[in-house]
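These notes concern the structure reproduced below.
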Protein chains: 2
Amino acid sequence: MTATSAFVTSLLTSFAIFCGLVLAFCILSKWKINHNIYYSSRMLAGIGPTRSAKQRNPFAWMKEAIMTPEAELVRIAGLDAAIYVNFFAAVLEIFSYSALFCIPVLIPIAVTSNHNAVAFKLDPNQTYEGFDNLAMGNVEEGTTKLWAFLLGTYWVSCVTYYVLVKHYKKMIHLRGKEQAHEKATPQQFACLIRDIPAPPKHMSRAQQVNAFFRKIHPDSYETCLIVTNVKKLMKLWGKYQATKKKLERAEAVYEQSKTTEKPEGTRPLHKKGFLGLFGAKVDSINFYVELVKDLALLVEAERQRTLKEEELPAAFVFFNNRKAAAEASQAVHAPYAMQWQVFPAPEPREVEWNNLAKTVHVRLVRQGLVYFAVFMTVVFYMIPIALISSLTTLDNLVKILPFLKIIVNYPPINTVLQAFLPQLALIVFMSLLPSLLMAFSRMEGIPSKSHLVRAASGKYFYFIVFNVFLGVTLFGTIFSSLAGFKELLNSSKFSISSVVTLFGSKLPPVAAYFITYVALQFFVGYGLELSRVIPLVVYHLKKRFLCKTEKELEEAWAPGPFTYETLVPADILILMISMAYSVIAPIILLFAILYYAIGYVVLRNQALNVYVPDFESGGRMWPHIHARIVVALFIGQITMMGYFGIKKFPYAVLVLILPLFTIFFASMCKMNYYPSFQVTSLAIASEDCKESPPLRKVVEAYTPECLLSEEAVYEDSDKFEDAASSIGSRSVSRSDSEIHNSNNTEDLYAL
Amino acid sequence: MTATSAFVTSLLTSFAIFCGLVLAFCILSKWKINHNIYYSSRMLAGIGPTRSAKQRNPFAWMKEAIMTPEAELVRIAGLDAAIYVNFFAAVLEIFSYSALFCIPVLIPIAVTSNHNAVAFKLDPNQTYEGFDNLAMGNVEEGTTKLWAFLLGTYWVSCVTYYVLVKHYKKMIHLRGKEQAHEKATPQQFACLIRDIPAPPKHMSRAQQVNAFFRKIHPDSYETCLIVTNVKKLMKLWGKYQATKKKLERAEAVYEQSKTTEKPEGTRPLHKKGFLGLFGAKVDSINFYVELVKDLALLVEAERQRTLKEEELPAAFVFFNNRKAAAEASQAVHAPYAMQWQVFPAPEPREVEWNNLAKTVHVRLVRQGLVYFAVFMTVVFYMIPIALISSLTTLDNLVKILPFLKIIVNYPPINTVLQAFLPQLALIVFMSLLPSLLMAFSRMEGIPSKSHLVRAASGKYFYFIVFNVFLGVTLFGTIFSSLAGFKELLNSSKFSISSVVTLFGSKLPPVAAYFITYVALQFFVGYGLELSRVIPLVVYHLKKRFLCKTEKELEEAWAPGPFTYETLVPADILILMISMAYSVIAPIILLFAILYYAIGYVVLRNQALNVYVPDFESGGRMWPHIHARIVVALFIGQITMMGYFGIKKFPYAVLVLILPLFTIFFASMCKMNYYPSFQVTSLAIASEDCKESPPLRKVVEAYTPECLLSEEAVYEDSDKFEDAASSIGSRSVSRSDSEIHNSNNTEDLYAL
């Protein structure tokens, strides 16, 4: 079997899997019992499945996914998801325009050349595939035909610049429209203050913050909320919530046991000891009722202590209009800029409470350490995998566990295991990686979850660029052995020019590998994504055997948000591969277009019907994606330089202009467009705002859930004053002398 | 004559010159006719020379220069000069602390070693000087003695970090105090707006700007001043001013000709034609009176046209309080951040009118081109110099001009000419360089003169680092021939590790050269600076032969400002050299301390008594200097790494931590301290301000001189309305409908 036929086989196989999964989706999504899985976000919103679910046409969902207008998408899925889907549209545009030139011009030139055939005649050891004749590798060295490929490089670059600018402007417009929305959100009135210096002796933190901001913003500053250390309280609160859930479950079990034959039911019992396996049997309901009561008291006591004793040098400050908050968040406040650092407040749901109070020096040191750790992870993560893979061969396994011999000797099983075992370590380690990178990012002291996601996505991007793209390119084969890594690490001649040459020389032979990779990614990946086979099975199993209460059932099908931290780097890897090969082997553009086109439809469907965002970052993922597209373009241009050099094209030096211009383009975009995503512009913040949340609601939104007491803390609820109001009054009562009229505030909002 | 004795000779010679010049200063500065030169700034302020000028003690000026308190220095010389002098104090502190360890510990270790003697025995071709025994080169390879030098490297680095942080804080404090000064300056109420989009059809630019800012800052925005293209007007205005000067001169000549013998005097005459050499003779006074009248009319007509037709997409906007202006200058205003870019307004005197309206894209492109041009200049500037030097040898000269033979053959003249001729091209080209770099910086589109100075200083820094420091280091000798450059350019093995090795191996042999360089710089340089021999001679010559009017006389002794663009890079070069050698040849520290100590005293004296700043940038030179000190430290650490490697010290790897930490330190300082210099913090801007200029004065300050009509435009003065008020009313009258009460404004200021 030649490489070409292997390629076609693998392509056809993935396509068959894809068709099967899409078919499964078309059928399964019509069944009512599956609506919770295929229309999760709509079910949560209580609006039921879309019209297409009731239509006969199995592809109606596609039309619906594509035709839903942009504004509707933003309204339903949020700006973050809309921008993610738009990223697919942008890349689709880049590759479509690129293909307009590369496929009809470059492929015929390659096919009509015969460098490969000549090389084969000269040295029959050199093998080439039919597929290779479609690529630049088949063009003779130093001929004028290479001008077409040079033109192709310029074409792809210019198209990318154009589309990127166009879409950046579109994204800014989308974000601006959301920010200027007449219905204001709490974060538009708040700023996050970090690095508050130690208060003077006679002042509390709240007094200090109030005094500082009242002096600077006498007309617009309202009040502050000091950040407290809620770690201990959070732990207790978690225990309290878990116990309440157990109580509900026990009650549900008791209700269900009341059948017509036995109307009094059976009160559930459980053992008190470890894992419910040891100890005395107790009545579950009575036991949990008591426990909940005790925990409620403990939580309340801890809450009071936290508010009093656990204040940290960070705070949220609140303003009476959007413009004042937007303006304050952009200005240096303290004479020493490292004190009183002001940031735009993250959305309340995405606040990382434990990171807020980390001081600037702690953040810097942690950042340094995390960067170092990430560098080590990126470079050396493959080593333990390779080691374990080499240890867990079938032969080794049989030596340790001789009884496996009988199974192993059966040929079909043997083949499967031989192929699968070395991958086992890879799969396990790779599935651990995103959480590890999230943990690393969290350690940096990042204050919001969306920023965490971006930081983790950036780290994952480095990882896959280094290990997949560079790994495959430089060593010809991925995850093969330690040898490749050793070569890289030992190479004392590692220099920029040698990397460029390597890029050029090693890239083309692996083009087929990458095309297979892209095809597999989109056929199998999107098939699984759309059909949601795994969540479906898990849901039905849980529903059948585990879930007792309504809440538990909802948790079983809750879709969660898009996991951008793994999705974005994977998409950009495909982009990077396709961009690097777009001129060398233009056929890859067809697969790239398919990947992004199918992705666009599938993800638009998922955004509209399935996933529910945990929080909104206001589309701040876009500059992150944009920068990485530019990096991909840059790597592609460097690759082309190297490859033109190998093809002995004397005008290859003309390509040099492109990477230089790309650097210029990147800095231009950063200067001109990035600020629009970093902050809220004053023109937007000054737009009329018809519906603002009252101050109390804003402050409440920024109070961690465990610091708010609930409506019903069982019998003792009236014993405690309402925590929210206590926080409101706290900052006010502690504020220096000035009397604070909250009615007045709400009047101002209404303006 | 050995190198050591040559070194001592050159040192003693320079010291003798220094003593002579200081003595000259001590004597000459007491003479009343020289007070304009030695106490220029005080004479301009009308307060006469300092007390020390009248004291007998010739060194009283020193005490005075040192003892004058910081606040006094800031008041008299401005913040920029105070910060420049403080930079000397900071470096002095770094080197003094460094010397505390390096001189008493490292020199004895070096002296008691005998690597040089052993090497000389083994290979008598290797020469070494007595001086070399004081340096690390004399320590045996791989011995434990090297630990002391490692410790020395850490000591110097830590001392530098400590002093830099301490002084950054001090500088921030100084700047903050100036900015919070109760007497407000015009720039504190203004912002510069660039990249204003095209106005809608029915609106003028002023209306557009007013509408935009009134909406965002309804309470604090006052008015705007649209920037106009004054190039043509400026040319006419210059001609007008020059003619007025000529008229004054003619009048003065006429007055002086009225002696007692001839009370009617002689009316001066001149020829109308080219250079006053051809054409008909005319009566100068009558001729210039007519010309001034004509030009005044032309200027006025052009002024009216400029105001109407030459509006540009940039403006100054004015606020009614300091905090509002400071806050606005830090915020993104437009939804698309590249439009309506807001910057803190530069001081009125330092505005670069022709650069204000350059749009962001023009600025970016120009910046790219200028960076490229500077790169070429830095790398290739020495080639024409070397070429011309090689052509203008004495032999060549004699071939061309044979009549010189007689002079040239006289031995002493021959020697001097031999030494001097090759330097001639160097001197001419080097004196052109600062103006060239200023022109480059101006092309970038920088809006203020102080920024221009910083940009030119940065470029000059690259130049001297590359050509002096690296040039000497890598090729052993400066400005020698083309060979060195060829070697650099042809070297295909140019890599980071080879540079590090070269640094280490080539540095020590040139230590003596650099010490001579430092000594020459401070002895001769500061001697000339203090004694002001050249300005003194020029002044007295001009006074005697050229100056007729009082104005001309003042121009003859006008001291001008410090030329930071050449001073700062030269000082930092000395710092860089000393830092690189501080551990390798600690004796250099003594010279560095002398350089900065003498510099501190001399420049403090000059700042207090001589130089008059053209403008104030609020000390923004400091972050620029700070960054370059950090770069110097970084280069020093890299040098040490290389040198430890050569000394075969196995723990050299420990030095690696230092450059990494330096990068961290630099980013930390940039993040934490730089914003305090970039903007005005709100806490400072909110300080009470007791004395504010009225709005009219602020707007007037930002109107180019040529756009303001004068009090007396000869007879026709009442024909033109007052230009200042016309500008004030212009922006007001064009503002959309809203009536603007300027009394109200001044009430607000008085708050």
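Chain A is the first sequence line, chain B the second, and so forth, proteins listed ahead of strands; every chain is numbered from 1. Bear in mind the structure is a predicted one, so any value in this text is a computation, not a measurement.
Within the model, atoms CG of A:Leu658 and CZ of A:Phe634 stand 11.0 Å from one another, a figure rounded to the nearest 0.5 Å. Atom-to-atom distance recorded for B:Asn86:CG and B:Trp622:CH2 is 8.0 Å, nearest 0.5 angstrom.
Contact record, A:Ala325 with A:Phe189: CB-C, 3.8 Å, taken as the closest heavy-atom pair.
Among residues 171-180 of chain A, the residues having any heavy atom closer than 4.5 Å to a heavy atom of chain B are, in sequence order, A:Ile172, A:His173. At a heavy-atom separation below 4.5 angstrom, chain B is approached by A:Gln330, A:Ala331, A:Val332, A:His333, A:Ala334, A:Pro335, A:Tyr336, A:Ala337, A:Met338, A:Gln341 within residues 330-344 of chain A.
Relative orientation of the B:Phe665 and B:His626 rings is tilted, given thresholds of 30° and 60° on the angle between their planes.
Here the side chain of A:Arg194 pairs no donor or acceptor atom with the backbone of A:Val360 at under 3.5 angstrom. Side-chain N or O atoms of B:Arg363 include one that pairs as donor or acceptor with a backbone N or O of B:Lys358 at under 3.5 Å. Checked by atom type and distance alone, the side chain of B:Asn355 pairs as donor or acceptor with a backbone atom of B:Ile446 at under 3.5 Å.
No hydrogens or angles considered: nothing links the side chains of B:Thr680 and B:Gln188 as a donor-acceptor pair under 3.5 Å.
Residue B:Lys323 touches chain A through its side chain alone, counting heavy-atom pairs closer than 4.5 Å. With a 4.5 Å cut-off on non-hydrogen atoms, A:Ala328 touches chain B through its backbone and its side chain both. Heavy atoms closer than 4.5 Å to chain A are found in the side chain of B:Phe212, but not in its backbone.
The aromatic ring centres of B:Phe664 and B:Phe661 sit less than 6.0 Å apart.
Top candidate by heavy-atom pairs under 4.5 Å with chain A, chosen from B:Gln678, B:Glu327, B:His361, is B:Glu327. Among A:Val679, A:Ile684, A:Leu660, the residue with the largest count of heavy-atom pairs under 4.5 Å with chain B is A:Ile684. Counting heavy-atom pairs closer than 4.5 Å to chain B, the top-ranked of the candidates A:Gln367, A:His217, A:Glu687 is A:His217.
Within the 4.5 Å cutoff, side-chain heavy atoms of A:Tyr674 are placed close to those of A:Tyr168.
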Given side chain to side chain contact (heavy atoms under 4.5 Å, CB included), test B:Tyr162 with B:Cys158 step by step and report yes or no. CA-CA 6 Å; B:Tyr162 164 74; B:Cys158 293; over 6 Å; no

